[in-house]
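Note on naming: letters A, B, ... go to the chains in the order of the sequence lines (proteins, then strands), and numbering restarts at 1 for each one.
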Amino acid sequence: MMAKLQPVRGTHDLLPADARRHQHIIAVFRDIAERYNFGQIETPIFEFTDVFDRSLGETTDVVTKEMYTFIDRSGDSLTLRPEQTAGIARAFISNGLAQNLPLKFYSHGPMFRHERPQKGRQRQFHQLDVEILGVAEPQADIEVIALGSHLMESLGLTDKVMLELNTLGDTDSRKAYRDVLVEYFSDHKADLSEEAQDRLGRNPLRILDSKDKNDRAVVAGAPAMSAYLNAASTDFFASVVDGLDALGIAYQRNEQLVRGFDYYTHTAFEFTTELLGAQSAVLAGGRYDGLIESMGGQPTPGIGWGSGIERLAMLLEFVPEANRPVVIVPIGDAAAKQGLLLLQELRHAGVTADMGAKGNVGKRMKQANKANANYAILLGDDEIAGGVVTLRDLDGGEQTEVARDVIVSQLSNRA
RNA sequence: GUGGCUGUAGCUCAGUUGGUUAGAGCGCCGGAUUGUGAUUCCGGAGGUCGCGGGUUCAAUUCCCGUCAGCCACCCCA
């Protein structure tokens, strides 16, 4: 391999076939999000570091060791966004959007995390994202999950993913449970892994989804989160579940499901798969009623999810084909000019068309074949003199003369 | 950040028990075919054997380091 010009670790070029796959996912997503009456929002791919520090939780791994943070020429600390929600929350506050509640946003674009790459994990990756701001009712939870489910269905991934669902309860419930959990884990501290012992002080809920065998044994005996939910939290979750049932959206309760960022409350969910190696989450999100307030805005409930485009792409069986071009094969100098004109007419008429820059007829026909062209248009002195064009069907091999003045409409109608 | 495996042509891979000019298939370019595309035939280009250092008369091969890829841990989309 060339040693010199390498892409930065964990980044990838999307060549046309991959780019088409990504664009297909994005197109399906946009179509569905628009049908759910979400509006597109684009926030910058970098923000003041503070935006992420304060929102994600200072002890989370993303903040402590995965952010791409740098000092710009003005001396400000900036960070490439590791996720989308914080940026949207910031935009909500910056633009004074509290006047327009409720708001439904969708977005997509690159995210950055400084992690060791592996299957389904890159340093620059792309996410789809939806957020609903200003709706405290379970209907928003249901709608956002339904949108995710709809997306899976439209991408043909329903059989490959499973919806896992949990509730973290409101702030009071979460705090109560946390205290009980810390007490329980402290009693079993000796049996926990080093990682888990470390997390006990920082983020005890995360011990629940540890993969360590010993940890799992301890977790199995831990008090259940559901037992510590207050009435309001229990009712809220019951409403979410009712809604999903009514819509026929299957899910599996997973009481160990804990999301990575501190801002989550109530509903937490993930569409997971077993087909991506160690990575399981394909689409994940939850409710974050305290986030905007903690960032300095008016108290505003929110819920949303993010979904990794690369991960979706790896599961996708459908690979969209590129348009097959019509390729013009000019023969002679006069035809080269006439060819350019015809090329322009075809393109303006909506036909994917191309014309090579050099080569004799044989060479050009080979090029047309390689370009996966469905038709070749041969244009030489004979055709020009007769006011026609020779249209060759490259799949069947039939060749016919078509009047020059109808060829464009004939081909555009076919497409 | 930690660990395991792997780096030979654009791609997929052989190979050298350390020894003159490192191979194949596919792909690419040209010709047979300057008005006709799979195929076929002929010819050609393309490698400082990831990079750096060490051992050796000699390293693509052995050793060390480094970078990268893959996979896993951690964590997450």
* **B:C70 OP1/OP2 closer than 4.0 Å to side-chain N/O of A:H12** => yes
* To do: Check the distance between B:C75's C1' and A:I207's CD1 and give it to me in whole angstrom.
  => 15 Å
* Asked: Which whole number of Å gives the distance between the C1' atom of B:U8 and that of B:C51?
  -> 14 Å
* Asked: Nearest to the side chain of A:F125 - B:C73, B:A77, B:C29?
  -> B:A77
* Asked: Would you say the side chain of A:F236 lies within less than 4.5 Å of the side chain of A:R287, judging by non-hydrogen atoms?
  -> yes
* **Stepwise salt bridge (Lys or Arg N to Asp or Glu O under 4.0 Å) test for A:D31 and A:R35** => CA-CA 6 Å; A:D31 175 53; A:R35 276 194 256 169; 2.7 Å; yes
* Rounded to the nearest 0.5 Å, how far does CG of A:D382 lie from CD of A:E401? -> 8.5 Å
* Taking atom types as modelled, find out whether A:T11 and A:Q124 have a side-chain donor-acceptor pair closer than 3.5 angstrom. => no
* Determine the contact category for A:Q399: base if any of its heavy atoms lies under 4.0 Å from a base atom, sugar-phosphate if only primed atoms, P, OP1 or OP2 are that close, otherwise nothing. => base
* To do: Give the intermediate values and the outcome of side-chain contact (heavy atoms from CB on, under 4.5 Å) for residues A:L128 and A:L312.
  => CA-CA 10 Å; A:L128 310 173; A:L312 292 172; 3.8 Å; yes
* Nearest-angstrom distance from the residue atom OH of A:Y264 to P of B:C76 -> 10 Å
* B:C75 pairs with, by Watson-Crick or G-U criteria that keep both distances under 3.5 Å -> none
* A:R113 side chain: which of B:G35, B:A72, B:C76 is closest? -> B:C76
* Whole-Å C1' distance, B:U2 and B:A77 -> 23 Å
* Asked: Is it true that the side chains of A:E255 and A:S226 contain a donor and an acceptor less than 3.5 Å apart?
  -> yes
* With a 3.5 angstrom cut-off on both distances, give the Watson-Crick or G-U wobble partner of B:G46, or none if there isn't one. => none
* **Pair assignment for B:U60, Watson-Crick or G-U wobble, requiring both distances under 3.5 Å** => none
* Asked: How is A:Q122 classified with respect to the nucleic acid when contacts are heavy atoms under 4.0 Å: base, sugar-phosphate, or nothing?
  -> base
* Structure fact -> Comparing nearest nucleotides in RNA chain B, the 5'-proximal residue of the pair A:E270, A:R392 is A:R392
* Structure fact -> note: A:R9, atom CZ; B:G69, atom C1'; distance rounded to Å ~ 8 Å
* To do: Report the C-alpha distance between A:R324 and A:D395 in whole Å, list the side-chain angles of each, state the deciding distance to 0.1 Å, and finish with yes or no for salt bridge (Lys or Arg N to Asp or Glu O under 4.0 Å).
  => CA-CA 11 Å; A:R324 299 183 67 186; A:D395 291 331; 3.0 Å; yes
* Which part of the nucleic acid does A:G120 contact within heavy-atom distance under 4.0 Å: base, sugar-phosphate only, or nothing? -> base
* Asked: Nearest nucleotide by nearest heavy atom, which residue falls closer to the 5' end of RNA chain B, A:K119 or A:S307?
  -> A:K119
* Asked: Which distance, rounded to the nearest 0.5 Å, do you find between the CD1 of A:I145 and the CG of A:L244?
  -> 5.0 Å
* A:E164 versus A:N254, side-chain donor and acceptor atoms under 3.5 Å -> yes
* Can you tell me how far C1' in B:G27 sits from the matching atom in B:U12, rounded to whole Å? -> 11 Å
* Take atom P in B:U6 and the same atom in B:C62, then report the distance between them in whole Å. => 11 Å
Do any N or O atoms of the protein come closer than 3.5 Å to N or O atoms of nucleotides 30-34 of chain B, and which pairs are they?
residue: B:G31; atom: OP2; partner: A:K363; partner atom: NZ; Å: 2.6

* Structure fact -> In whole angstroms, the gap separating P of B:G69 from CG of A:D13 amounts to 12 Å
* Please evaluate the base of B:U2 for a donor-acceptor partner in the side chain of A:R116 within a cut-off of under 3.5 Å? => yes
* Heavy atoms under 4.0 Å, any strand shown: does A:Q279 hit a base, just sugar-phosphate, or nothing? -> base
* **Complement of B:A24, any strand, by Watson-Crick or G-U distances under 3.5 angstrom** => B:U12
* Is any N or O donor-acceptor pair between the side chain of A:R364 and the base of B:G37 shorter than 3.5 Å? -> no
* To do: Could you state the atom-to-atom distance from CG of A:D333 to P of B:G35 in whole Å?
  => 13 Å
* Could you give the distance separating B:C26 and B:A14 at their C1' atoms, to the nearest angstrom? => 14 Å
* To do: Looking only at side-chain atoms of A:N369, point me to the closest of B:C70, B:G37, B:U36.
  => B:G37
* **Rounded distance in Å - NE2 (A:H126) to C1' (B:C76)** => 17 Å
* Asked: With the threshold set at 4.0 Å, does a side-chain nitrogen-carboxylate oxygen contact exist between A:R347 and A:D354?
  -> yes
* **Pairing partner of B:G18 (Watson-Crick or G-U wobble, both distances under 3.5 Å)** => none
* Asked: Taking N and O atoms by type only, does the side chain of A:E383 place a donor or acceptor under 3.5 Å from a partner on the base of B:G35?
  -> yes
* Structure fact -> Scanning all shown strands, the Watson-Crick or wobble mate of B:C41 with both distances under 3.5 Å is B:G31
* To do: Could you tell me whether A:D129 contacts a base, only the sugar-phosphate backbone, or nothing, with contacts defined as non-hydrogen atoms closer than 4.0 Å?
  => nothing
* With C1' as the reference atom in both, quote the distance from B:G46 to B:C29 in angstrom, rounded to an integer. => 10 Å
* Looking at the side chain of A:L394, which of B:G37, B:U36, B:A72 is the nearest nucleotide? -> B:G37
* To do: For nucleotides B:U55 and B:U60, find the distance between their C1' atoms and express it as a whole number of Å.
  => 16 Å
* At under 4.0 Å between heavy atoms, what does A:A368 touch on the DNA or RNA strands: base, sugar-phosphate, or nothing? -> nothing
* **Within 6.0 angstrom of A:Q399 CD, more than 12 heavy atoms from elsewhere** => yes
* B:C76 base to A:R311 side chain: any donor-acceptor pair below 3.5 Å? -> yes
* To do: Return the value, rounded to whole Å, for the distance between atom CD of A:Q118 and atom C1' of B:A72.
  => 6 Å
* To do: Would you indicate which nucleotide in B:G35, B:U2, B:A77 comes nearest to any side-chain atom of A:E115?
  => B:A77
* Asked: Contact class for A:G10 vs. all strands (heavy atom < 4.0 Å): base, sugar-phosphate, or nothing?
  -> sugar-phosphate
* Taking only N and O in the side chain of A:R121, is any of them less than 4.0 Å away from OP1 or OP2 of B:A77? -> no
* Asked: Where the side chain of A:Q6 is concerned, which of B:A77, B:C67, B:C70 is the nearest nucleotide?
  -> B:C67
* **Crowding at CD, A:E42 (>12 non-hydrogen neighbours, <6.0 Å)** => yes
* C1' gap between B:A9 and B:U17, integer Å -> 26 Å
* Partner nucleotide, any strand, of B:C70 [Watson-Crick/G-U, under 3.5 Å] -> B:G4
* Would you kindly give the CG-to-P distance between A:L283 and B:C76, to the nearest whole Å? => 16 Å
